Amino acid sequence: MPGPAPEPSPDSAPAPDGMGNRASGRRPFTRSRSHFADRVTADGRDGWPVAAGRYRLVASRACPWASRAVISRRLLGLEDALSLALVDPLQDDRSWRFTLDPDGRDPVLGIRFLSEAYDARETGYPGGVSVPALVDVPSGKLVTNDFQQLTLDFATEWTALHRPGAPDLYPEARRAEIDEVMADVYRDVNNGVYRAGFATDQDAYDAAFGPLFDRLDRLADRLSDRRYLVGDTLTEADIRLFTTLVRFDPVYHGHFKCNRFKLAEDPVLWAYAKDLFQTPGFGDTVDFHHIKQHYYRVHTGINPTGIVPLGPDLSGWLTPHHREELGGRPFGDGTPPGPVRPGEEVPPSGCP
């Protein structure tokens, strides 16, 4: 299946060199590609066939790359087929940890740290431990941490397990345009905020800052007369832009110094982001408390005091956006997802 080439996640837990991402802001921003790129497919060609109940999605509500998978899973109605494990937004040198669970162990996998699933797959793996991660429940082995391909496969390979009325998030007739938009968004926006935030010198920061805001300007122009990025329905492209925009004012504007303007100061992008946030499957997966705790307390190379700002005011996310005046059909010929699955609700501390 054609699609964008796999890209690495910058929200991987550090190699064993101490608590948090201490190197952030202290060494040049580089990362390797996703190491485990097996795919779970309808025909099982990589040895991992789609099967209800076999796999567990490990995610962090703090991580934009993992949040893509959480949103996709909810929109497509995969909750009954694919269980969800949420990790603590705070990491230590042993990787993402399951300290949100009462006994500090994931109740399905029985492990305390996500690194245990990586070790079960490849002993001595030298890279970071990233989310999202898809784990094979029977063996306890990591299947894939390829966050770029994972959601595309949810949309195209897991169709037999989609809920009735699930939207087509990667329609075949529009894939070339979706891929082009996603490539621009990834390079300049999704990845651009990290290149700016983790820059170690002025030149590196400037080289990221300019393209980031140039792209945001272009996206605002694109969205000024259309409700969604591609066509008149929600697609994978909207999911990928949303997960950066929803973090923009709480963390990227200040913590990552992406401060030419706040999202709330751009009328088009702010209305677009609010429209998505208020769409079932988007805002009901966002935990602002986890987001702020992770960025401000884990990235100690950028924020050595670990102080977490009290702002910004989040109430604006629930105000009218008026984007429905542009038309569009959010779910195409499908329907919105139902209520959030019991036990997966975002706590009040993370909501506007």
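These numbers were taken from a predicted model, which means no experiment stands behind them.
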Peer 1: Apply side chain to side chain donor-acceptor pair (under 3.5 Å) to Asp88 and list each qualifying residue two or more places apart in sequence or on a separate chain.
Peer 2: Thr99
Peer 1: Among all residues two or more places apart in sequence or in another chain, which pass the ring pair (Phe, Tyr, Trp, His ring centres under 6.0 Å) test with Tyr296?
Peer 2: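 Listed in chain order: His255.
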Peer 1: Just jot down the ring pair (Phe, Tyr, Trp, His ring centres under 6.0 Å) partners of Phe256, sequence neighbours excluded, or say none.
Peer 2: Tyr194, Phe198, Tyr252, Tyr295, His299
Peer 1: Kindly write out the residues that satisfy salt bridge (Lys or Arg N to Asp or Glu O under 4.0 Å) with Asp217, not counting sequence neighbours, or none if the list is empty.
Peer 2: Arg260
Peer 1: Show every donor-acceptor pair shorter than 3.5 Å between a side-chain atom in residues 307-315 and any protein atom, with sequence neighbours excluded, or say none if there are none.
Peer 2:
{"unit_1": "Asp313", "atom_1": "OD1", "unit_2": "Ser315", "atom_2": "N", "d": "3.0"}
{"unit_1": "Asp313", "atom_1": "OD1", "unit_2": "Ser315", "atom_2": "OG", "d": "2.9"}
{"unit_1": "Asp313", "atom_1": "OD2", "unit_2": "Ser315", "atom_2": "OG", "d": "3.2"}

Peer 1: Partners of Thr123 by side chain to side chain donor-acceptor pair (under 3.5 Å), sequence neighbours excluded?
Peer 2: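 Once residues adjacent in sequence are excluded, Thr123 has no partner under the side chain to side chain donor-acceptor pair (under 3.5 Å) criterion.
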Peer 1: Just jot down the salt bridge (Lys or Arg N to Asp or Glu O under 4.0 Å) partners of Asp103, sequence neighbours excluded, or say none.
Peer 2: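 Asp103: no salt bridge (Lys or Arg N to Asp or Glu O under 4.0 Å) contacts found.
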Peer 1: Sort and list the pairs that fulfil side-chain hydrogen bond (donor to acceptor under 3.5 Å, both in side chains) and have at least one residue in residues 224-234, not counting sequence neighbours.
Peer 2: Arg227-Asp275
Peer 1: Under the rule for salt bridge (Lys or Arg N to Asp or Glu O under 4.0 Å), what residues qualify as partners of Asp333, not counting sequence neighbours?
Peer 2: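 Asp333 satisfies salt bridge (Lys or Arg N to Asp or Glu O under 4.0 Å) with Arg329 once adjacent residues are dropped.
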Peer 1: For Asp266, enumerate each residue passing the side chain to side chain donor-acceptor pair (under 3.5 Å) test, keeping only those at least two apart in sequence or located in another chain.
Peer 2: none
Peer 1: Donor-acceptor pairs under 3.5 Å, side chain of residues 104-111 to any protein atom, not counting sequence neighbours: which ones?
Peer 2:
{"unit_1": "Arg105", "atom_1": "NH1", "unit_2": "Gly110", "atom_2": "O", "d": "3.0"}
{"unit_1": "Asp106", "atom_1": "OD1", "unit_2": "Arg56", "atom_2": "NE", "d": "3.1"}
{"unit_1": "Asp106", "atom_1": "OD1", "unit_2": "Arg56", "atom_2": "NH2", "d": "2.9"}
{"unit_1": "Asp106", "atom_1": "OD2", "unit_2": "Arg56", "atom_2": "NE", "d": "3.0"}
{"unit_1": "Asp106", "atom_1": "OD2", "unit_2": "Val108", "atom_2": "N", "d": "3.0"}
{"unit_1": "Asp106", "atom_1": "OD2", "unit_2": "Leu109", "atom_2": "N", "d": "2.6"}

Peer 1: Applying ring pair (Phe, Tyr, Trp, His ring centres under 6.0 Å), can you list everything that pairs with Trp270, at least two apart in sequence or on another chain?
Peer 2: Trp317
